[in-house]
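Right, one structure below, let's go through it.
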Amino acid sequence: MDFGHHENNEFDYNNGTKTLSVTYHGKQNSSMRTVIKYVCSSNYSLHYPENTRNPDVVEVLVQSPCACPNVCQTEDIGPGTIILIILSLSTAVYFMLGCCCLRPVRTMNGIQIIPEENVWCRLCYAFEERKEKKKMKEKCHHQCHIEV
């Protein structure tokens with residue numbers, strides 16, 4: 001059974017009844033169509049009234065406050081959402097890179113992933129060398145000023 005397609009559908013809004021009607025037509029050779037009526041209402045309801053006058057028309061009646069103009073608007077993405085997205089992506093990248101830098105080791109309990117110690121040691125030594133160079137530079141600079 002063909003209830004209609006999105007191509008060539010018809011929209012009709014009635015300001016008096018605050019109703020939006022959307023009509024979906026069936027195949028080209030078919031007189032079948034579906035009419036969905038969105039009614040602006042404070043209640044939420046969905047009805048399928050029987051259409052005894054024309055059996056080729058399927059009617060759906062939707063009552064909702066969201067059918068009213070400018071009532072149910074989607075909110076834009078705020079800064080909190082952006083921060084959560086960035087945090088989630090950073091965490092995912094951290095774990096994926098961690099999996100790449102970890103090596104599997106077979107133990108009696110099965111295969112375990114152990115971090116490469118050299119990676120962390122290199123980072124620690126790099127920071128330690130910077131601190132030592134900075135201290136030496138400051139010490140040298142301090143001694144030069146005292147002698148003059």
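- Smallest separation of non-hydrogen atoms from D56 and M32: O-SD, 3.1 Å.
- The distance from the CD1 atom of I36 to the OG1 atom of T19 is 13.5 Å, given to the nearest 0.5 Å.
- Here the CD1 atom belonging to I83 is positioned 10.5 Å from the CD1 atom belonging to I85, to the nearest 0.5 angstrom.
- Using a 4.5 Å cut-off on side-chain heavy atoms (C-beta onward), V58 and V35 make no contact.
- To the nearest 0.5 Å, atom OG1 of residue T91 and atom CG of residue L87 are 4.5 Å apart.
- With sequence neighbours excluded, the residues that form a side chain to side chain contact (heavy atoms under 4.5 Å, CB included) with S90 are I86.
- Atom CZ of F11 and atom OG1 of T23 lie 9.5 Å apart (nearest 0.5 Å).
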For residues 60-67, which side-chain N or O atoms pair as donor and acceptor with protein atoms under 3.5 Å away, sequence neighbours left out?
from : atom 1 : to  : atom 2 : distance (Å)
Q63  : OE1    : S45 : OG     : 2.8
S64  : OG     : C66 : N      : 3.0

Under 3.5 Å, side-chain donor or acceptor atoms of residues 37-44 against the rest of the protein: list the pairs with distances, not counting sequence neighbours.
from : atom 1 : to  : atom 2 : distance (Å)
S41  : OG     : N43 : N      : 3.1

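- By the rule that hydrophobic residues join a cluster once side-chain heavy atoms approach within less than 4.5 Å of another member, I82 and V93 end up as members of separate clusters.
- The line from OH of Y24 to OG1 of T34 is 9.0 Å long, rounded to the nearest 0.5 Å.
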Let's go through E59 and H47 carefully: what are the C-alpha distance in whole Å and the side-chain angles of both, what is the deciding distance for side-chain hydrogen bond (donor to acceptor under 3.5 Å, both in side chains) to 0.1 Å, and is it a yes or a no?
CA-CA 8 Å; E59 288 186 2; H47 298 285; over 6 Å; no

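- Within 6.0 Å of the CD1 atom in I77, the count of heavy atoms belonging to other residues, nucleotides or ligands does not exceed 12.
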